Amino acid sequence: MKLHYEVDGEEFAAAGQASGNIKKMLKQLGIASDVIRKISIAVYEAEINMVIHADGGTVDVDIQTDKIYIALKDTGPGIPNIDLAMREGYSTASDEVRDLGFGAGMGLPNIQKNSDFLKITSAVGVGTTVEIEVNL
Amino acid sequence: MRLRPHGLYIKPQGGARVIHNYNSVGLVTEKCVGCTDCIKRCPTEAIRVQDGKAVVIREFCIDCGMCIKVCSNKAKKADTDGLAAIENYRYKIALPAPALYGQYKNVLDVNIILTALKELGFDEVFEVSHGAEVVTKAVGEIVMNSANAAARPFISSACPVISRLIMMKFPDLIGNILPVIPPVEVMARLSRRHVCEREGLKPEDVGVFFISPCAAKNTGTHRPLGYEKSEIDGVIAISDVYVKLRNKIRKITPDKAEILAHSSFRGVRWALSGGESGNIDINSIAVDGIDNVIEVLEELENGQLDDVDFIEALACTGGCIGGALTVSNPFVARNNIERLGLLMRCDAGIKARRVDFGPVDFAELAFTRRLTPTRALKLDADMSKALEKLERMEEFIKELPGIDCGACGSPKCETFARDLVMGQANMEDCIFMLRRKVKMMAESMVELASKLPQTSFIQHRELRD
Ligand SMILES: Nc1ncnc2c1ncn2[C@@H]1O[C@H](COP(=O)(O)OP(=O)(O)O)[C@@H](O)[C@H]1O
Ligand code: SF4
Ligand SMILES: [Mg+2]
């Protein structure tokens, strides 16, 4: 089953809607609790990144009986050094964003920890695509 | 899942109180006009209107009491016990929830309220707030213990609605629920033990009655969460004794009130949102109102609250003072209890007695049963079938008008789509889809009408003229 969401980069209050919707679907499928927890964290962090570091983007989901694939695509500033960005605590978030409780630099490491497959493709000035897979 | 009417449930007389699949909320059929009040406000989308009457899908009902609060026809009622039920016991104990103290304005001595309650026919009155003090100690010990760090943030188990919400909608958070029995259950156990020793009674002679602000806590006596059997013999709604109590309270002057109070404000404040968490010196969130609670649980599920140690989550606005079986506005009730608190904390404050309930072993307060996911949301036991149903549901959602009018009897187009997929509704229940179908039929009739047989005399004459 395929799903598609548009994430508005201006609507900070709506950030998390796509991941919220995905969670709702998975619960109706009766996916195991620990798997739902993993997917919730991974997709939420990736969605938030798209809002705070880029200007929103799209989320495409493919749910199969044995795994879920999620691709989050933005046309933001891109990540110059992905290895660096993956480090715990590394963040380029502004003070403004930190005041909102984001920018602890734990997003990408947590996505890594909570997914079975992660691929980040990024080009400076072009955008970032985060692909996540979790086995169901 | 099957839709079932939920007329008032009749309890088996004298039999075991444990009933599986029991719900407290019932319908007074004659009063229900089949409007959309309750279906729209139900936080778990558990209600449908069928054949002009509200019907609860039991698997989805967590007894939050929202429908009781919002029904403008007073057609929703909690299936609690009447006062007459106390007559089945030789020795009758009332256990008033602290929310009761918030119901009466300018009654600043708890003893007056407790005396009035006793005069309704009880032999003894014990404050549930004492049980809350006991639970506070146990909760503090568990939450502060660094060995339990992995389970943080703990979610309070005090509100059964929230525990049941988690079991249904947030199964991945079940492990965060604090496995401690609720204050009223603690109090029921302590009270029975105490009076049996003091009065030389047999346990079965004693009837323990909870004076409750809460429909879900009534359910909890039939379907306990986390333990086998409740020690509570009956639940009486605060709203059912409100007037009787008020009339008695009016006649009791402070000097004539019996000294019955025995708990401190630490326990009484549990009636208020922030009361339970305010007793423990840790990083906590106190959230009330079920919609707010859902938002906080979503955040927790997304891994955003890992720095929090404890979450006190109460389904009702303001805490239990906002329970479906209360009478006073919760904000006014809060003020009443806070004023009482000021008094209780000063020396000359409220007179209290000492009751020796004996030692309490914290191990006895722990859950003896695991909480398990309810699986109500699941579309099908088989994953590929569930996926198929979900896909069909999404297609229906695209087809439906999306205005959530409720005329089909489901609260939202999305829920209607789910009902369609589950075989619980027909497409024609949607007036828009019905109209579309009628239009299509009308169009094809017009089309058919123009297709007359070649030999038709009328048609040929019309053409010629
Ligand atoms: N979608 C994105 N577009 C551009 N930069 C990103 C994106 N996602 C992550 N980053 C970069 O990677 C860093 C680390 O991300 P993360 O681990 O989520 O921490 P945080 O979001 O708290 O800064 C971010 O500070 C940012 O510089
Ligand atoms: S907040 Fe209190 S009254 Fe309301 S449902 Fe929860 S326990 Fe019951
Ligand atoms: Mg981040």
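Predicted model, so just to flag it, every value in this text is computed and none were measured. Side chains included, hydrogens not; waters and symmetry mates left out as well; all remaining heavy atoms used. The sequence lines fix the lettering, A, B, ..., with proteins before strands; numbering per chain opens at 1.
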Supply the atom-to-atom distance [X] [atom1] to [Y] [atom2], rounded to the nearest 0.5 angstrom.
X: A/Lys113; Y: A/Ser115; atom1: NZ; atom2: OG; result: 11.5 Å
X: B/Lys412; Y: B/Ile403; atom1: NZ; atom2: CD1; result: 14.5 Å
X: B/Leu178; Y: B/Ile142; atom1: CG; atom2: CD1; result: 5.0 Å
X: B/Asp63; Y: B/Arg58; atom1: CG; atom2: CZ; result: 9.5 Å
X: B/Asp288; Y: B/Cys159; atom1: CG; atom2: SG; result: 10.5 Å
X: B/Phe416; Y: B/Met427; atom1: CZ; atom2: CE; result: 6.5 Å

Classify the side-chain pair B/Glu276/B/Ser156 by whether it contains a donor and acceptor separated by less than 3.5 Å. yes
For B/Glu228 and B/Thr368, does a side-chain donor sit closer than 3.5 Å to a side-chain acceptor? yes
With heavy-atom distances below 4.5 Å as the criterion, would you say the side chains of [X] and [Y] are in contact?
X: B/Thr415; Y: B/Ile39; result: no
X: B/Glu295; Y: B/Val287; result: no
X: B/Ser284; Y: B/Phe154; result: no
X: A/Leu118; Y: A/Val130; result: yes
X: B/Ile155; Y: B/Leu297; result: yes

Report, in residue-number order, which members of [range] are under 4.5 Å from chain B by heavy-atom distance.
range: residues 71-90 of chain A; value: none
range: residues 91-106 of chain A; value: A/Phe102
range: residues 37-66 of chain A; value: A/Arg37, A/Ser40, A/Ile41, A/Tyr44, A/Glu45, A/Ile63, A/Gln64, A/Thr65
range: residues 17-30 of chain A; value: A/Lys23, A/Lys24, A/Met25, A/Lys27, A/Gln28, A/Leu29, A/Gly30

With a 4.5 angstrom heavy-atom cut-off, which part of [X] approaches chain A: side chain, backbone, both or neither?
X: B/Glu299; result: neither
X: B/Lys385; result: neither
X: B/Glu388; result: neither

Let me see the working for B/Ile294 and B/Phe170 under side chain to side chain contact (heavy atoms under 4.5 Å, CB included), right down to the final yes or no. CA-CA 9 Å; B/Ile294 290 172; B/Phe170 299 92; 4.1 Å; yes
Residue among B/Asp382, B/Leu377, B/Asn302, B/Ile174 with most heavy-atom pairs under 4.5 Å to chain A: B/Asn302
Using the rule given for side chain to side chain contact (heavy atoms under 4.5 Å, CB included), can you reason through B/Met167 versus B/Ile62, listing the C-alpha separation, both sets of side-chain angles and the distance that settles it, and then say yes or no? CA-CA 10 Å; B/Met167 287 157 70; B/Ile62 53 176; over 6 Å; no
Over 12 foreign heavy atoms within 6.0 Å of CG, B/Asp281: no
What do the steps show when you test A/Lys119 against A/Thr129 for side chain to side chain contact (heavy atoms under 4.5 Å, CB included), and what is the final call? CA-CA 8 Å; A/Lys119 185 174 160 203; A/Thr129 301; over 6 Å; no
What do the steps show when you test B/Asp306 against B/Arg152 for side chain to side chain contact (heavy atoms under 4.5 Å, CB included), and what is the final call? CA-CA 7 Å; B/Asp306 293 348; B/Arg152 285 181 199 155; over 6 Å; no
